[in-house]
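Letters A, B, ... are given to chains in the order of the sequence lines, protein chains preceding strands, and every chain is numbered from 1.
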There are 2 protein chains.
Amino acid sequence: MIRLLLADDQALVRGALAALLDLEPDLEVVAQVGRGDEVVEAARASGAEVCLLDIEMPGMTGIDAAAALRRELPGVRSLVVTTFGRPGYVRRAIEAGASGFVVKDTPSRQLADAVRRVHAGLRVIDPDLAAESLIDGPSPLTGRERELLTYALDGSPVAAIAARVHLSEGTVRNHLSSAIGKTGATTRTEAARIAQDRGWL
Amino acid sequence: MIRLLLADDQALVRGALAALLDLEPDLEVVAQVGRGDEVVEAARASGAEVCLLDIEMPGMTGIDAAAALRRELPGVRSLVVTTFGRPGYVRRAIEAGASGFVVKDTPSRQLADAVRRVHAGLRVIDPDLAAESLIDGPSPLTGRERELLTYALDGSPVAAIAARVHLSEGTVRNHLSSAIGKTGATTRTEAARIAQDRGWL
DNA sequence: CCCGACCGATGACAGGTGTCACGCCGAGGT
DNA sequence: ACCTCGGCGTGACACCTGTCATCGGTCGGG
């Protein structure tokens with residue numbers, strides 16, 4: 001019997017995944033949480049062996065939760081299950097110690113198998129995603145560029161960003177200009193979108 | 001026995017919802033589709049009585065699918081189940097003839113009940129969302145403003161938008177300026193984000 | 001019939017934005 | 001000690017953007 005923890009902020013999806021996995025005779029959902037920062041505690045309390053982690057969650061991302069599990073409960077394996085198959089996400093999830101990475105449009109039949117493989121100590125990664133994450137490499141952005149791009153995501157004017165990080169407008173423009181060059185974009189908004197698509201943020 | 005159709009582009013979520021609902025003794029999932037434009041045909045072929053529709057789908061939105069069901073198969077009721085509780089979505093879903101509107105972070109226990117109520121001819125709408133959709137009213141945007149805002153969503157420069165719709169740059173600027181005024185924003189990107197949040201796009 | 005709403009367009013202007021050149025500093029690597 | 005790289009800043013320049021005034025055309029309703 002494999003003991004599972006589910007972490008997803010959408011209660012309906014979480015409950016549905018629980019129903020799906022509980023149908024399998026060798027799987028048992030022993031805990032469910034809706035926030036990233038509750039994963040470690042719930043995993044400890046429930047004695048989970050495998051954790052299914054969504055990435056977009058309040059409190060802490062699923063990737064950070066995987067890293068925390070790695071530190072605190074090294075015996076527990078984690079499988080990241082997310083909506084977006086962004087190349088950078090795969091890379092970062094694996095670096096954080098996750099054993100697998102599955103996107104939410106894979107057939108539901110395959111999920112239980114993925115869980116079993118992860119429990120057996122194998123890695124489970126969508127081959128297309130793995131290839132993509134290799135070809136475009138790690139993020140070329142510096143720390144500041146990454147930070148400023150996240151603020152530029154919603155199209156905020158340079159002045160607003162500068163105020164938010166207590167920098168000169170000119171400096172912000174320079175960092176963003178550099179990021180625009182590295183992403184191949186022509187505006188900061190486009191650069192932010194590209195960086196997000198690649199999982200660089 | 002209530003016959004259900006599920007429409008969601010994420011196969012994993014779709015399968016999981018099927019597992020969840022099939023647990024109920026009086027519910028039966030008789031069809032699953034991953035595209036909005038396959039809903040009507042599948043509903044007809046399977047003899048579904050209630051359709052669960054996600055909004056964001058390829059081919060056709062769940063709202064348009066609800067409208068198509070209304071037209072083609074008036075006896076079939078539809079329940080919109082979506083990630084985002086945008087006020088405008090609720091309004092448009094109801095106007096399209098949907099009998100219910102549920103967001104994906106409601107507890108999974110309540111979904112089966114919502115299905116039963118819809119099947120019984122009742123309306124099921126999250127009370128908070130209904131209130132919100134009343135207070136900020138219908139979209140004040142004109143057709144062109146709406147269209148141009150969708151193109152502005154990703155931060156495209158005015159020139160690119162103008163080329164795409166074969167309009168003068170000045171005209172595009174005027175429409176967007178008007179939309180900026182109506183949304184209370186200060187840039188076109190912010191206006192687009194606000195309009196999207198309210199379900200005006 | 002005239003009015004209002006929507007659409008399309010032009011021109012002008014202030015202010016925002018992207019680029020470039022250049023400078024300074026501190027941390028690490030050789 | 002030297003060099004490189006990231007970070008921070010300035011100034012200048014060309015271009016983009018948002019706003020406003022103004023014009024003309026269409027179409028439906030009072």
Checklist entry - How is Thr171(A) classified with respect to the nucleic acid when contacts are heavy atoms under 4.0 Å: base, sugar-phosphate, or nothing? => result base
Checklist entry - Under 4.0 angstrom, heavy atoms only, what part of the nucleic acid is Ile180(A) near: base, sugar-phosphate, or nothing? => result sugar-phosphate
Item to check | Gap between atoms CD and C1', on Glu190(B) and dT17(D) respectively (whole Å) | outcome: 15 Å
Residues 105-113 of chain B side chain polar contacts: donor-acceptor under 3.5 Å, at least two apart:
residue	atom	partner	partner atom	Å
Thr106(B)	OG1	Val103(B)	O	2.9
Asp113(B)	OD1	Arg116(B)	NH1	3.0

Item to check | 5' precedence on DNA chain C between Ala159(A) and Asn174(A) (nearest-nucleotide basis) | outcome: Ala159(A)
Next on the checklist: What is the distance, to the nearest angstrom, from the CG atom on Leu141(A) to the C1' atom on dC5(D)?
Outcome noted: 15 Å
Checklist entry - Hey, does the side chain of Arg144(B) come within less than 4.0 Å of dC6(C)'s phosphate (OP1/OP2), counting only N and O? => result no
Checklist entry - For Glu145(A) and dG18(C), what is the distance between atoms CD and P respectively, to the nearest whole Å? => result 14 Å
Next on the checklist: Go nucleotide by nucleotide along DNA chain D from the 5' end; which of Gly170(A) and Lys182(A) gets its closest nucleotide reached first?
Outcome noted: Lys182(A)
Item to check | Non-hydrogen side-chain atoms of Val30(A) and Leu4(A) separated by less than 4.5 Å | outcome: no
Checklist entry - Separation of Arg146(A) atom CZ from dG7(D) atom C1', in whole Å? => result 14 Å
Item to check | base_contact_polar (dG18(C) base, Arg173(A) side chain, donor-acceptor, <3.5 Å) | outcome: yes
Item to check | Touch class at under 4.0 angstrom, heavy-atom based, for Leu167(A) against every strand present | outcome: sugar-phosphate
Item to check | Closest listed nucleotide, where the reference is the side chain of Ser177(A) and the choices are dG18(C), dT17(C), dT19(D) | outcome: dG18(C)
Checklist entry - dT17(D) C1' sits how many Å from His175(B) NE2, rounded? => result 16 Å
Checklist entry - Base, sugar-phosphate, or nothing for Gly181(A), non-hydrogen atoms under 4.0 angstrom? => result nothing
Item to check | salt_bridge(Arg44(A), Glu41(A)) N-O dist < 4.0 Å | outcome: no
Checklist entry - With a 4.5 Å heavy-atom cut-off, do Leu69(A) and Cys51(A) have their side chains touching? => result yes
Checklist outcome for this item: From CD of Glu169(B) across to P of dT19(D) the rounded distance in Å is 16 Å
Checklist entry - Less than 4.0 Å between a side-chain N and a carboxylate O, is that true for Asp8(A) and Arg35(A)? => result no
Checklist entry - Counting just side-chain N and O atoms, does Thr142(B) come under 4.0 Å of either OP1 or OP2 of dC7(C)? => result yes
Checklist entry - Between dC16(D) atom P and Arg188(B) atom CZ, what is the distance in whole Å? => result 12 Å
Checklist entry - Which of the following nucleotides, dG18(C), dG18(D), dT17(D), is nearest to the side chain of Pro157(B)? => result dT17(D)
Item to check | Atom-pair distance (CG on Leu148(A); P on dG18(C)), nearest Å | outcome: 12 Å
